[in-house]
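Okay, so here's the structure we're looking at.
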Amino acid sequence: MKFGIIRERKNPPDRRVVLTPDACTKILDKFPEAEIMVEPSPIRVFSDLEYGEKGLPVKSEMENCDVLIGVKEVPIADLIPNKKYFFFSHTIKKQPYNRNLLRAILEKNIELYDHEVITGTKGQRLVAFGRYAGIVGAYNGLRAYGLKFGLFRLPKAETLADQQALISELKKVKLPNIKILLTGRGRVGNGAKEMLDAMEIKKVGVTDYLNKTFEEPVYCQIDASEYNKRKDGVRGNKADFFAHPEDYRSNFFRFAKVTDFYIAGHFYGDSAPYLFTREDAKHPQFNLKVVADVSCDIDGPVASTIRPSTIADPIYGYDPLTETEVDFKDPHSIAVMAVDNLPCELPRDASIGFGDAFVKYVIPAFFNGDADGVLERARMTKNGKLTKRFAYLQDYVDGERVVNSNQ
């Protein structure tokens, strides 16, 4: 089995890679029948030299490989027919801008495996960059807080080497006695929690957070069952919420009244209620000043997120009264950090973490007959057709119906 690590060609350039030089070495040690070739890249965070030093061939002949592995979408012109490909295709939600990419994949008889749908037997994702989105998102949000109020100036995350360098910078900062809210207990939420804990910010429970004042900064981490409640007044729970989100309404405003800085690290599903609406943000008691929206659903559950921001220009202001974008330092504005590709700012750490999971869960499937069904579940296309699991995309491919990419 010949694996090819392809060069990232999407703009803006992504420096991450699925398999680091060390990850490649682990594969070759464990599976002697495997071969790995690395396509040269001038932008990859691990240089061609670093792969070469591990004895890996750095060549452009990707057509000689069986399985081609990348991070972002491959431009249509660069797709090699009749190959197996792994990358984030951004097609599973029928995103309009990638319809032609999926059509081309089918026309070129490519077997597509999307990283986003590499799952275990219970449906849990096995490989993801979410932890690093949370890590960088929390850092960027704290940086935005310092800039909005002129309290401190943190360097941009992309200029720092790794998570430890980010933590070192945060430890130099003295925060006022603010309340920080974090939604989500998954990879993203817990990545953000790592950073708050590294700063030794005190964690408090919901009751104390809502009712007490503190002489130091504190944070509270909550999940869907704490910021939503059933419309019928019956006591709900997280499992019921995910099964029947339409039966719930937001109970987030009680947090918005006391929170200064909010980190949105939750998963938002179809039919779930918004956390706060544009009308909520107009309320005199609405207190949020800075929002780090790691989840980044545009015009969605976090009303102040009216567009994604960029690594180059990560912060904008949202004026709740006019519902328009303004300078984030405007005293009436909510400062919004909504970068939608946060792990790109920590490419080395993110690549190592993602690669470790890929080596653990995906690579063995090629040598054990896919005993756990990992490849079968992630395979979107085969023999020029959508697989059964992804047949729901047929009308999208045919151009009959397109849904909003933010749903």
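Just so it is clear, the structure is predicted and the values come from calculations on it, not from any experiment.
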Query - Donor + acceptor pair across side chains of Asn100, Arg103 (<3.5 Å) - result: yes
Query raised in the report: Mind checking whether Phe286 and Phe253 have parallel, tilted or perpendicular rings, split at 30° and 60°?
Result: tilted
Residues 151-159, side-chain donor-acceptor partners within the protein, below 3.5 Å, at least two apart:
unit_1 : atom_1 : unit_2 : atom_2 : d
Lys156 : NZ     : Ile311 : O      : 3.0
Lys156 : NZ     : Ala312 : O      : 2.7
Thr159 : OG1    : Lys156 : O      : 2.6

Report task. Using the test side chain to side chain donor-acceptor pair (under 3.5 Å), find all partners of Asp260 that sit at least two apart in sequence or belong to another chain. Result -> Asn287
Query raised in the report: Are any side-chain N or O atoms of Glu376 and backbone N or O atoms of Val374, one a donor and one an acceptor, separated by less than 3.5 Å?
Result: no
Query raised in the report: Among all residues two or more places apart in sequence or in another chain, which pass the side chain to side chain donor-acceptor pair (under 3.5 Å) test with Asp313?
Result: none
Query raised in the report: Can you name the ring-ring contact (aromatic ring centres under 6.0 Å, His included) partners of Phe358, sequence neighbours left out?
Result: Phe86, His115
Query - ring-ring contact (aromatic ring centres under 6.0 Å, His included) involving Tyr227 - partner list, sequence neighbours excluded - result: none
Query raised in the report: What orientation do Tyr51 and Phe46 show, parallel under 30°, tilted 30 to 60°, or perpendicular over 60°?
Result: perpendicular
Query - Pairing residues for Arg9 by the salt bridge (charged side-chain N to carboxylate O under 4.0 Å, His left out) criterion, not counting sequence neighbours - result: Glu39, Asp78
Query raised in the report: Thr324: what forms a side chain to side chain donor-acceptor pair (under 3.5 Å) with it, not counting sequence neighbours?
Result: Thr322
Query - Main-chain N/O of Ile92 paired to Tyr392 side chain as donor or acceptor, under 3.5 Å - result: yes
Query raised in the report: Residues two or more places apart in sequence or in another chain: which of them pass salt bridge (charged side-chain N to carboxylate O under 4.0 Å, His left out) with Arg348?
Result: Glu50
Query raised in the report: Do you see a donor-acceptor pair shorter than 3.5 Å between the side chains of Asn109 and Asn82?
Result: yes
Requested in this report: Evaluate side-chain hydrogen bond (donor to acceptor under 3.5 Å, both in side chains) for Asp240 paired with Tyr248, printing each intermediate quantity in order.
Outcome: CA-CA 10 Å; Asp240 182 56; Tyr248 285 74; 2.5 Å; yes
Query raised in the report: For Asp22, what residues pass the salt bridge (charged side-chain N to carboxylate O under 4.0 Å, His left out) criterion, not counting sequence neighbours?
Result: Lys54
Query raised in the report: Is a side-chain donor or acceptor of Asp330 paired with a backbone partner of His332 at a separation under 3.5 angstrom?
Result: yes
Query raised in the report: What do you reckon, are the aromatic ring centroids of Phe31 and Phe367 less than 6.0 Å apart?
Result: yes
Enumerate, atom names and distances included, each donor-acceptor pair closer than 3.5 Å involving a side-chain atom of residues 178-195, sequence neighbours excluded.
unit_1 : atom_1 : unit_2 : atom_2 : d
Lys179 : NZ     : Tyr209 : O      : 2.5
Lys179 : NZ     : Lys212 : O      : 2.6
Thr183 : OG1    : Tyr262 : OH     : 2.8
Thr183 : OG1    : His266 : ND1    : 3.0
Arg185 : NE     : Asp223 : OD2    : 3.3
Arg185 : NH2    : Gln221 : O      : 2.9
Arg185 : NH2    : Glu226 : OE1    : 3.3
Arg187 : NH2    : Arg125 : O      : 2.8
Asn190 : OD1    : Gln221 : NE2    : 3.1
Asn190 : ND2    : Arg185 : O      : 2.9
Asn190 : ND2    : Gly186 : O      : 3.4
Lys193 : NZ     : Asp197 : OD2    : 2.7
Glu194 : OE1    : Arg131 : NH2    : 3.1
Glu194 : OE1    : Gln163 : NE2    : 3.0
Glu194 : OE2    : Arg131 : NE     : 2.8

Residues 57-74 side chain polar contacts: donor-acceptor under 3.5 Å, at least two apart:
unit_1 : atom_1 : unit_2 : atom_2 : d
Asp66  : OD2    : Lys2   : N      : 2.8
Lys72  : NZ     : Asp14  : OD2    : 3.4
Glu73  : OE1    : Lys10  : NZ     : 2.8
Glu73  : OE1    : His90  : ND1    : 3.4
Glu73  : OE2    : Lys10  : NZ     : 3.2
Glu73  : OE2    : His90  : ND1    : 3.1
Glu73  : OE2    : Asn98  : ND2    : 2.7

Query raised in the report: If we ignore angles and hydrogens, is there a donor and acceptor under 3.5 Å between the side chains of Thr305 and Asp293?
Result: yes
**Report entry** Arg44 with Glu8: basic N within carboxylate O range, under 4.0 Å
**Finding:** no
Report task. Could you pull out all residues at least two apart from Lys172 that satisfy salt bridge (charged side-chain N to carboxylate O under 4.0 Å, His left out)? Result -> Glu169
**Report entry** Leu275 backbone acceptor or donor facing Ser250 side chain under 3.5 Å
**Finding:** yes
